[in-house]
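First the structure, in the form of structure tokens, and then the observations on it.
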Amino acid sequence: MAAKATDVLGVPVHACDDVLAAALHLAQRGGGQIVTLNAEMTMAARAQPELGRAIAAAQLVIPDGAGVVWALARQGLRVRRSPGIELAWHLLEHAAVAGWRVALVGASPAVMERLQQDLPQRIPGLQLVFCVHGYQPPEAWPDLEQQLLACQPHLVLVALGVPRQETWIADCPGRSGGLWMGVGGSFDVWAGVKKRAPRWMGALQIEWLYRLVQEPSRWRRMLALPAFAWQVLREG
Ligand code: UDP
């Protein structure tokens, strides 16, 4: 696996050239947790010990986000930006070909219903063995976790938002085998409820601006971005 373990502001990250290959390699070695790290999450991990612990324990942390790629470049590590939503989709395509059992956890009931219908049509051969939305009452989770584990999934995509999806995966009792990955708003995008920023905004590294216009309520969370840049410049 062409991945160099390093860190950004003390948060571990693997400087991967090919994240799909790294993920498939991890699957062969018995699986584990995949985290897609961006600047906002890096700052959250520094402030929230539970999230920091979950990321530190993850088997693969990929650089998702222009900020993390920029911080790695300042350390002399040139890596491509690897959006988590793209890795998650490639893993679904691989799952269909390889006959993997796939579980989806999270997002609204309407989004989950849409995905259950649409995904097997868009990715023929995809075996969805367990699908559950993310707005369950707290007391429902232990049973759901048991049902999920009983399916022995090869791939579990979790859309509960940061930090919950990372800590939920890290703390899932009895988790063993398979790839487990937090995917944020990916289910909403696949269901057509949210849009990804256009490519040209990605090229200009201003996807954050698109996100802010789509979801203005995120402005407070996004103050982490200048704080991240400032910290990287100070510590570098
Ligand atoms: N979500 C959920 N349960 C909750 C809160 C959020 O399933 O209690 C879902 C939400 O519907 C969305 C995803 O988690 O599909 C989080 O998306 P967001 O874009 O906010 O991800 P983040 O930026 O936090 O990674």
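Worth knowing before you read on, the calculation uses all heavy atoms, side chains too, and leaves out hydrogens, waters and symmetry mates. In listed order, ligands and their atoms are each counted from 1.
- Using a 4.0 Å cut-off between charged side-chain N and carboxylate O, Glu93 and Arg122 make no salt bridge.
- Checking each of Ile62, Val79, Leu60 against Val19 for a side-chain contact (heavy atoms from CB on, under 4.5 Å) leaves exactly one that passes, namely Ile62.
- Evaluation of the ring pair (Phe, Tyr, Trp, His ring centres under 6.0 Å) rule for Trp190 yields Trp89, Phe187 as partners, not counting sequence neighbours.
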Pair Lys194, Arg211 - check side chain to side chain contact (heavy atoms under 4.5 Å, CB included), show working. CA-CA 10 Å; Lys194 271 189 207 163; Arg211 191 118 209 226; 4.1 Å; yes

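- Between His94 and Trp100, the ring-plane angle classifies as perpendicular under the 30° and 60° cut-offs.
- Near ligand 1, Gly106, Ala107, Ser108, Gly134, Tyr135, Ala159, Leu160, Gly161, Val162, Arg164, Gly184, Gly185, Asp188, Lys194, Arg211, Arg218, Arg221 each place a heavy atom less than 4.0 angstrom from the ligand.
- A salt bridge links Glu207 and Arg81; the closest N-O separation between the charged side-chain nitrogens and carboxylate oxygens is under 4.0 Å.
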